[in-house]
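Right, one structure below, let's go through it.
Worth saying up front: this structure is predicted, and the values here are computed from it rather than measured.
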Amino acid sequence: MAQQDDLEVLLVEDNPDHEELIRRAFIERGARVTLSVARHGEEALDYLHRRGSHGDAARRPRLILLDLRLPRVDGLEVLGEIKASPELRSIPTVVLTTSEAEHDVARAYSQHANSYLVKPVDFAGFERLIGSVELYWLDLNRQPGDGGRAAPG
């Protein structure tokens, strides 16, 4: 159950095993996060634009964790649409992918990704990575609408 002061994170991930590792890493850290999941790029865009079954989404996420390899609409296309939208572009969007290819890194940053992270191969690595993401993006990082106060953390 989401608490009112939980921070909304949108995870765009089609691999249920990766989703579970990320979810467990947040739980293990005791993070006050509501993790919403979109299984493909089209669903992510519907969620962010509050369309279709996501028309009643109450809040926009404070952070988007975006895989690159997605069905229907790929991650780079989702990223491009996020960063082209005046309503969405200020939401930090972190690419979280298995690809270490330099062309993927370059393409993500050319689409204005806020960060590019490669998924670790083990749970301990996922936990460290998610801990770093949580500390920087959800605790230390100031965003519009924070009202001059640090985010709950």
Side-chain angles (χ1 to χ4, degrees), residues 1-2 6-29 31-123 125-139 141 143-146 151:
M1 181 84 180
D6 282 359
L7 299 172
E8 182 79 19
V9 174
L10 175 61
L11 173 62
V12 187
E13 175 61 68
D14 64 320
N15 183 320
D17 293 332
H18 291 176
E19 174 198 341
E20 183 60 26
L21 285 171
I22 293 165
R23 185 178 302 282
R24 279 184 46 213
F26 275 121
I27 290 169
E28 290 290 322
R29 294 194 44 78
R32 292 190 339 225
V33 166
T34 299
L35 189 65
S36 298
V37 179
R39 300 250 178 242
H40 51 78
E42 185 178 322
E43 183 179 7
L45 293 171
D46 286 348
Y47 179 92
L48 291 165
H49 290 292
R50 298 177 174 142
R51 299 185 297 225
S53 64
H54 299 287
D56 60 351
R59 332 180 253 181
R60 288 259 163 74
R62 183 172 175 89
L63 176 68
I64 300 167
L65 299 175
L66 177 64
D67 192 13
L68 287 185
R69 308 288 184 259
L70 297 169
R72 300 194 189 177
V73 179
D74 81 357
L76 288 171
E77 192 173 338
V78 172
L79 179 60
E81 187 164 330
I82 290 167
K83 296 305 179 179
S85 167
E87 295 82 30
L88 303 175
R89 72 173 52 124
S90 66
I91 302 171
T93 304
V94 174
V95 172
L96 183 58
T97 185
T98 57
S99 174
E100 296 184 58
E102 185 59 34
H103 69 273
D104 283 336
V105 175
R107 290 175 60 207
Y109 279 112
S110 75
Q111 290 288 336
H112 307 288
N114 295 97
S115 185
Y116 189 102
L117 303 173
V118 177
K119 293 174 183 172
V121 295
D122 62 354
F123 179 68
F126 261 101
E127 192 171 20
R128 280 190 304 278
L129 181 71
I130 293 303
S132 296
V133 166
E134 177 195 4
L135 176 65
Y136 180 76
W137 290 107
L138 300 177
D139 190 19
N141 186 55
Q143 294 183 23
D146 283 350

Using side-chain contact (heavy atoms from CB on, under 4.5 Å), reason through Arg23 and Val37 one step at a time and then give a plain yes or no.
CA-CA 10 Å; Arg23 185 178 302 282; Val37 179; 3.4 Å; yes
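- Residues Leu117 and Leu65 fail the side-chain proximity criterion, which asks for heavy atoms closer than 4.5 Å.
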Could you go through Lys119 and Glu13, starting from their C-alpha distance and side-chain angles, then the distance that decides it, and tell me whether this counts as salt bridge (Lys or Arg N to Asp or Glu O under 4.0 Å)?
CA-CA 12 Å; Lys119 293 174 183 172; Glu13 175 61 68; 2.5 Å; yes
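- A cation-pi arrangement, defined by a distance under 6.0 Å to the six-membered ring centre and an angle within 45 degrees of its axis, is absent between Arg24 and Phe126.
- What you find for Ala113 and Val95 is that their closest heavy atoms are CB-CG2, 4.0 Å.
- Asp67 places no side-chain N or O within donor-acceptor distance of the main-chain N or O of Thr97, the cut-off being under 3.5 Å.
- The shortest non-hydrogen separation linking Ala44 to Leu10 is O-CD2, 4.5 Å.
- Leu79 contributes atom CG, which lies 5.5 Å from atom CD of Gln111 (distance to the nearest 0.5 angstrom).
- No side-chain heavy atom of Glu81 sits under 4.5 Å from any side-chain heavy atom of Val73.
- Within the model, atoms CZ of Arg128 and CD1 of Ile130 stand 12.0 Å from one another, a figure rounded to the nearest 0.5 Å.
- For the atom pair CG (Leu48) and CD1 (Ile64), the distance works out to 4.5 Å, reported to the nearest 0.5 Å.
- Salt-bridge check for Arg29 with Glu127: failed, with every basic side-chain N at 4.0 Å or more from each acidic carboxylate O.
- Judged purely by atom type and a 3.5 angstrom limit, Ser36 has no side-chain atom pairing as donor or acceptor with the backbone of Thr34.
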Derivation of the side chain to side chain donor-acceptor pair (under 3.5 Å) call for His49 and Glu87
CA-CA 9 Å; His49 290 292; Glu87 295 82 30; 5.6 Å; no
Steps toward salt bridge (Lys or Arg N to Asp or Glu O under 4.0 Å) verdict (Arg60, Glu8):
CA-CA 7 Å; Arg60 288 259 163 74; Glu8 182 79 19; over 6 Å; no
Stepwise side-chain contact (heavy atoms from CB on, under 4.5 Å) check, Ser132 with Trp137
CA-CA 8 Å; Ser132 296; Trp137 290 107; over 6 Å; no
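- Under a 4.0 Å N-O distance rule, the pair Glu19/Arg39 qualifies as a salt bridge.
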Test side-chain contact (heavy atoms from CB on, under 4.5 Å) applied to Leu96 and Ile22, step by step:
CA-CA 10 Å; Leu96 183 58; Ile22 293 165; 3.6 Å; yes
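- Annotation: side chain of Arg62 is in contact with side chain of Leu138 (closest heavy-atom distance under 4.5 Å).
- The only member of Leu11, Asn114, Val94 that meets side chain to side chain contact (heavy atoms under 4.5 Å, CB included) when paired with Leu63 is Val94.
- Salt bridge Asp104/Arg69: present, at least one basic N to carboxylate O contact under 4.0 Å.
- With hydrogens and angles ignored, the 3.5 Å screen pairs a side-chain donor or acceptor of Tyr109 with a backbone N or O of Tyr116.
- Note that the CD1 atom of Ile82 and the OG atom of Ser90 stand 11.0 Å from one another [nearest 0.5 Å].
- Note that CG of Leu66 is 6.5 Å distant from CG of Leu68, once rounded to the nearest 0.5 Å.
- When all heavy atoms of Asn141 and Pro92 are compared, the closest pair comes out as ND2-CG, 4.2 Å.
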CA sep, side-chain torsions, deciding dist, call: Thr98, Val118, side-chain contact (heavy atoms from CB on, under 4.5 Å):
CA-CA 5 Å; Thr98 57; Val118 177; 5.7 Å; no
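- Atoms NE2 and NZ, from His112 and Lys83 in turn, are 9.0 Å apart once rounded to the nearest 0.5 Å.
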